Amino acid sequence: DLADRLARVRRLPGRAGFVIEEDFLFRADVHDADPKRVLGRMLPRGRGIEDGVDVLDRLAAHPATARHLAHKLAVRFVADAPPSDLVDDVAAAFRRTQGDLRATVRTLAHHPAFWHRDTVRSAKIKTPFELVTSAARALDADVRATHGLADWTARMGQRLYAWEAPTGWPDRADAWVNAGALLQRMNFGLSFAAGRVLGVRFDLAALLDGREPASRDEALDRYAAQLMPAREAALSDALAPLRRLVHAPAKMAEALDAQAGAATAADGDNNPRAVDFFDDDSDEPPLFADGFDGEEHAHARGRPGDGTVRAESGAAAHVVGVLLGSPPFQRR
């Protein structure tokens, strides 16, 4: 391994031209010391590690590097198609500060485009991993084991450490948004809130300081404010269609099941049937119960002590599940 290789090099007599810095090793015996041209400039004959340092310095100072990094940052934090003036300003900051990433990111965060209304309500979509982790954080969940969360991440299309290209998983919405993926995201939200993800514990009542909502509408408003506290201005319009879903779960099941069939036909894959969450013939307890009158039954998933979630009252879980699967929560 690398440690053994470094140890052998350190024993070489003289080690002429070798450079060892912690886990970094420059091997003079395999370096091309002939003259060469890189980015339009000549590298003279007979040099060693200086060639590599020189090339890295030239790459770091090249305008294309600044623009590439600026565009990557803008895509990550602002929009899939970021404004050109934003990219230009961030690239200029990178060049002006000679690659100071802190100053570069500060320029991005202070740019008007970063705070524009269209950006705040942009179509930047969470990856499956981001969705799973943000759901756990939003519910202040106690994660005892990660296998259940990793399984759902894979079901939504992002199996951990499975992207073969060295560029990493895509950071654009078109890689994650399709009929099957959106269905899986709603299924995840409902399943997570209902306590069907192994190894995760949370307390929905604690999010509202133990004050029980008087209706589904009130539950939707209050849980939305807790789960998406910085988006009040955008929530009023977004919550309107969600109210129909929390009041008509059977129709929601039918719609999701129809979408699952359409996605299967279009994608050729096996999407789980969303109706499973609402199947009255299932041996599982119902996902929600009638009303918020204190008589609805909570239910437990799994055996005591096995690390599974105790599901909250059915109506609250259904409302939270709809929110976790909704477009506002899908956005970064």
Side-chain angles (χ1 to χ4, degrees), residues 120-121 126 130-144 148-149 152 185-253 256 277-278 284-302 304-305 307-332:
V120 176
R121 302 180 63 178
K126 297 174 183 175
E130 291 169 336
L131 175 60
V132 166
T133 54
S134 64
R137 289 171 178 171
L139 298 188
D140 195 22
D142 178 13
V143 180
R144 304 292 181 88
L149 296 176
W152 266 107
R185 287 172 178 243
M186 179 58 79
N187 281 341
F188 164 73
L190 294 169
S191 183
F192 189 86
R196 296 180 178 180
V197 178
L198 296 178
V200 183
R201 297 180 182 275
F202 53 84
D203 183 358
L204 291 184
L207 294 178
L208 304 183
D209 297 324
R211 294 176 295 158
E212 192 172 21
S215 67
R216 281 180 166 81
D217 285 329
E218 182 183 339
L220 184 65
D221 292 331
R222 292 176 60 186
Y223 278 118
Q226 288 295 320
L227 298 180
M228 296 167 281
R231 302 183 183 180
E232 292 91 342
L235 281 179
S236 57
D237 293 338
L239 292 184
L242 300 185
R243 296 190 190 282
R244 295 193 296 270
L245 300 182
V246 300
H247 280 285
K251 292 183 179 180
M252 176 183 177
L256 289 178
F277 290 115
F278 308 92
E284 294 286 341
L287 179 61
F288 72 99
D290 291 332
F292 281 82
D293 56 8
E295 297 180 358
E296 56 190 352
H297 51 277
H299 55 271
R301 302 289 182 186
T308 59
V309 178
R310 178 184 180 279
E312 302 294 336
S313 63
H318 178 63
V319 170
V320 172
V322 169
L323 284 168
L324 294 180
S326 68
F329 194 81
Q330 301 295 318
R331 298 190 182 99
R332 286 182 185 161

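Source: prediction; values computed, not measured.
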CG-CG distance between Asp221 and Leu323, expressed to the nearest 0.5 angstrom: 9.5 Å
Shortest non-hydrogen contact from Val143 to Ala136? CG2-CB, 4.4 Å
With a 4.5 Å heavy-atom cut-off, do Val320 and Phe192 have their side chains touching? no
Residues which pass salt bridge (Lys or Arg N to Asp or Glu O under 4.0 Å) with Glu130, listed by chain and number, not counting sequence neighbours: Arg76, Arg332
Arg216 side-chain N/O to Val246 backbone N/O, donor-acceptor pair under 3.5 Å: yes
To the nearest 0.5 Å, how far apart are CE in Met228 and OH in Tyr223? 13.0 Å
How would you list, by chain and number, every residue that makes a side-chain hydrogen bond (donor to acceptor under 3.5 Å, both in side chains) with Arg137, sequence neighbours excluded? none
Who passes side-chain hydrogen bond (donor to acceptor under 3.5 Å, both in side chains) against Asp140, sequence neighbours left out? none
Any chance you could measure Ser326, atom OG, to Arg185, atom CZ, to the nearest 0.5 Å? 11.5 Å
Interatomic spacing from CG in Leu239 to CG in Leu220 - rounded to 0.5 Å: 5.0 Å
Report yes if some heavy atom in the side chain of Leu131 is under 4.5 Å from a heavy atom in the side chain of Phe329; otherwise report no. yes
I need the minimum non-hydrogen distance between Gly189 and Leu324, along with the two atoms involved. CA-CB, 3.7 Å
Strictly distance-based, threshold 3.5 Å: is any side-chain N or O of His318 a donor or acceptor partner for the main-chain N or O of Leu245? yes
Taking the side chain as C-beta and beyond, is there a heavy-atom pair between Arg201 and Arg144 under 4.5 Å? yes
Which atom of Ala193 lies closest to which atom of Ala317, heavy atoms considered: CB-O, 3.2 Å
Are Arg222 and Asp209 close enough for a salt bridge, meaning some N to O gap below 4.0 Å? no
For Phe202 and Leu139, which heavy atoms make the closest approach, and how far apart are they? CB-O, 3.7 Å
Taking every heavy atom of Ala138 against every heavy atom of Leu207, the minimum-distance pair comes out as O-CD2, 3.8 Å
Here the gap from Ser134 atom OG to Gln330 atom CD, rounded to the nearest 0.5 Å, amounts to 8.0 Å
Sequence neighbours excluded, which residues qualify as side-chain hydrogen bond (donor to acceptor under 3.5 Å, both in side chains) partners of Thr133? none
